[in-house]
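One structure below.
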Protein chains: 2
Amino acid sequence: MSPADDSTPRGARARARIEVTAAIKDEARRQLAVDGAAKLSLRAVARELGMVSSALYRYFPSRDDLLTALIIDAYNSLGESAEAAHRKTAGAAPAQRWVAVCEAVRGWALGNPHEYALIYGSPVPGYSAPEATVPAASRVGLLLIGITREAYQGRGLAKPRLPAELRPEAERMTADLAPDLPPETVTTLVAAWAQLYGLIGFELFGQFKRVVEDRATFFRHAVGQLAHGVGLVHGE
Amino acid sequence: MSPADDSTPRGARARARIEVTAAIKDEARRQLAVDGAAKLSLRAVARELGMVSSALYRYFPSRDDLLTALIIDAYNSLGESAEAAHRKTAGAAPAQRWVAVCEAVRGWALGNPHEYALIYGSPVPGYSAPEATVPAASRVGLLLIGITREAYQGRGLAKPRLPAELRPEAERMTADLAPDLPPETVTTLVAAWAQLYGLIGFELFGQFKRVVEDRATFFRHAVGQLAHGVGLVHGE
DNA sequence: TACAAAAAGAGAGCACTGCTCTTGCTTTGG
DNA sequence: CCAAAGCAAGAGCAGTGCTCTCTTTTTGTA
């Protein structure tokens, strides 16, 4: 995760530290998958690893620091799933790539519900994500921007309307996120990005219970509509 | 909250029980607003109320039961805010009512972030919402259905396209939720419902930090687009 | 190579949590 | 009137995050 400044760890101790750190995170991830973030216990992790709880604080100075490490890993794991779907659809139409990436995000979420809740559910109280999580957290968003850019550079796309009151904000966002795209598109894109997580969250957290049954099909259709809204669909 | 079967409590003891129960919930809500659900402590609540912790278990058999009561209250509080906005816009165009209700939901969420997180964030681990929460949880959804119905009965509305693979599910949802509306509309409506919470959740949980600044304007536009997608906007 | 410094583990302990059980006291209803 | 039910209080259990001290082990360097 951290950049490998010197790929040769200075000694046996440094190597051991890396291994123990990884072991702690692995065991913590295991407990996370079973019981969720709120029940993750440092003492239980240490117990399972055969070490005493106070020794664990040599590796993570607090429970929140462990959680932060897990959050960054989760963002990266999710990002890799999404990027894999993106790669696999190279050459396909932008709308299809969009749907594929969205489905990869959904699939990862369904497969790792507690990790998903950790990063996109309510943040752990009193905990605000440190700056270190930003790059990992951006990966999916960048992917969606990339797909849109590809479509735009390919043949342009239908711009949604933009009310005058939103234009300043739209131009600010555009300058920050994708200066080569029209503000109308960037605005819709950001909304679609948030809406994607609404769809996934409702499914994952049980709001669709007794409402939506064929959730995969429903999701595919909904994110297809999102792609349409962004302007990725030309034909028909 | 609970239906007043006999509005005259049988005696002084019953009255006291109601009052103590309310006091516990109030204090718990106070702590919830400050520290969030995970740090809500029965002992702290009891302490603040001048009672010993074990006495609290006469009123709520467990921490989860207290949380469930708070969840139902939160759903109802949110529902009332939304319904107030709905009433206040009686006679207005459906799209305007839609936006007003969505803004009421957002306003309530921003004003009660921890309560919002309690009901729409990641569910408390190992905790699945009991059936008792269903009616309270449905109020906002019913409102959105009502607005759409009003628009439909008024002058009909533009139906979005519906792919064949989704038609069975769309018809099932329609039969369950609003048999008098076209399946195309119901499907889009359910998606919009989830997407609304995506928009609010991203704002509330910090995902829009350094991305969207003028969030009120952005939100108004985004939910206006949702209304458009459902078919509530006729003109222009 | 000897040695001080840094890193790591072990254990005890503090203040807190949810929850249970027992012991008394008070209100209630037959 | 009096047993029964409801309620409060206190002690106690097992667990938590975290800190502090003490000892051992591994370092980089004089």
Side-chain angles (χ1 to χ4, degrees), chain A residues 2 5-6 8-25 27-28 30-32 34-71 118 123-128, chain B residues 6 8-25 27-28 30-32 34-71 114 118 123-127:
Chain A
S2 60
D5 304 312
D6 28 335
T8 329
R10 292 200 298 279
R13 187 159 240 171
R15 199 189 327 272
R17 180 167 241 283
I18 291 173
E19 277 173 19
V20 174
T21 305
I24 292 172
K25 287 205 291 186
E27 176 58 30
R30 252 205 58 243
Q31 295 193 13
L32 183 67
V34 174
D35 291 322
K39 291 197 176 170
L40 193 159
S41 152
L42 289 189
R43 292 180 108 112
V45 170
R47 206 179 301 133
E48 209 69 25
L49 262 51
M51 55 169 70
V52 82
S53 73
S54 60
L56 209 148
Y57 286 81
R58 302 263 175 209
Y59 298 88
F60 296 94
S62 82
R63 191 177 177 278
D64 275 2
D65 291 271
L66 214 196
L67 277 178
T68 300
L70 293 182
I71 286 175
L118 192 62
V124 183
Y127 169 87
S128 86
Chain B
D6 27 335
T8 330
R10 291 200 299 280
R13 186 158 239 171
R15 199 189 327 272
R17 178 167 242 283
I18 292 174
E19 276 173 20
V20 174
T21 305
I24 292 172
K25 287 204 292 187
E27 177 58 30
R30 252 205 58 243
Q31 294 194 13
L32 182 67
V34 175
D35 292 322
K39 290 196 177 172
L40 194 161
S41 150
L42 289 189
R43 292 179 108 114
V45 170
R47 206 179 302 132
E48 208 69 25
L49 261 51
M51 53 168 72
V52 82
S53 73
S54 60
L56 211 149
Y57 286 81
R58 301 259 169 209
Y59 299 87
F60 297 94
S62 82
R63 190 177 177 279
D64 275 2
D65 291 272
L66 215 196
L67 278 178
T68 300
L70 294 182
I71 287 175
H114 283 112
L118 192 61
V124 183
Y127 168 87

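Please read all numbers here as calculations on a predicted model, not as lab measurements. A note on names: the letters A, B, ... follow the listed sequences, proteins ahead of strands, and every chain is numbered from 1.
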Could you check whether any side-chain heavy atom of B:Leu42 comes within less than 4.5 Å of a side-chain heavy atom of B:Tyr57, counting everything from C-beta outward?
yes
Ignoring hydrogens and geometry beyond distance, is the side chain of A:Arg43 in donor-acceptor contact with the base of D:dG17 at under 3.5 Å?
yes
Minimum-distance nucleotide to B:Tyr59 side chain [options: D:dG17, D:dC7, D:dG10]:
D:dC7
Polar atom pairs (N or O), protein with nucleotides 2-4 of chain D, under 3.5 Å:
none

Applying side-chain contact (heavy atoms from CB on, under 4.5 Å) between B:Leu49 and each of B:Ile24, B:Leu56, B:Val20, report the one that passes.
B:Ile24
Round to a whole Å and report the spacing from CD of A:Gln31 to P of D:dG15.
14 Å
Side chains of B:Ser62 and B:Asp65, donor plus acceptor under 3.5 Å
yes
A:Val52: what forms a side-chain contact (heavy atoms from CB on, under 4.5 Å) with it, not counting sequence neighbours?
A:Ser54, A:Ala55
Heavy atoms under 4.0 Å is the rule here; annotate nucleotides 19-26 of chain D 5' to 3' with B where the base is hit, S where only the sugar-phosphate is, and - elsewhere.
BB----BB
Under 4.0 Å, counting only non-hydrogen atoms across every strand here, what does A:Leu40 touch: a base, just sugar-phosphate, or nothing?
sugar-phosphate
Nearest nucleotide by nearest heavy atom, which residue falls closer to the 5' end of DNA chain C, B:Ser41 or A:Val20?
A:Val20
How would you label the contact of B:Phe60 with the nucleic acid (heavy atoms, under 4.0 Å): base, sugar-phosphate, or nothing?
nothing
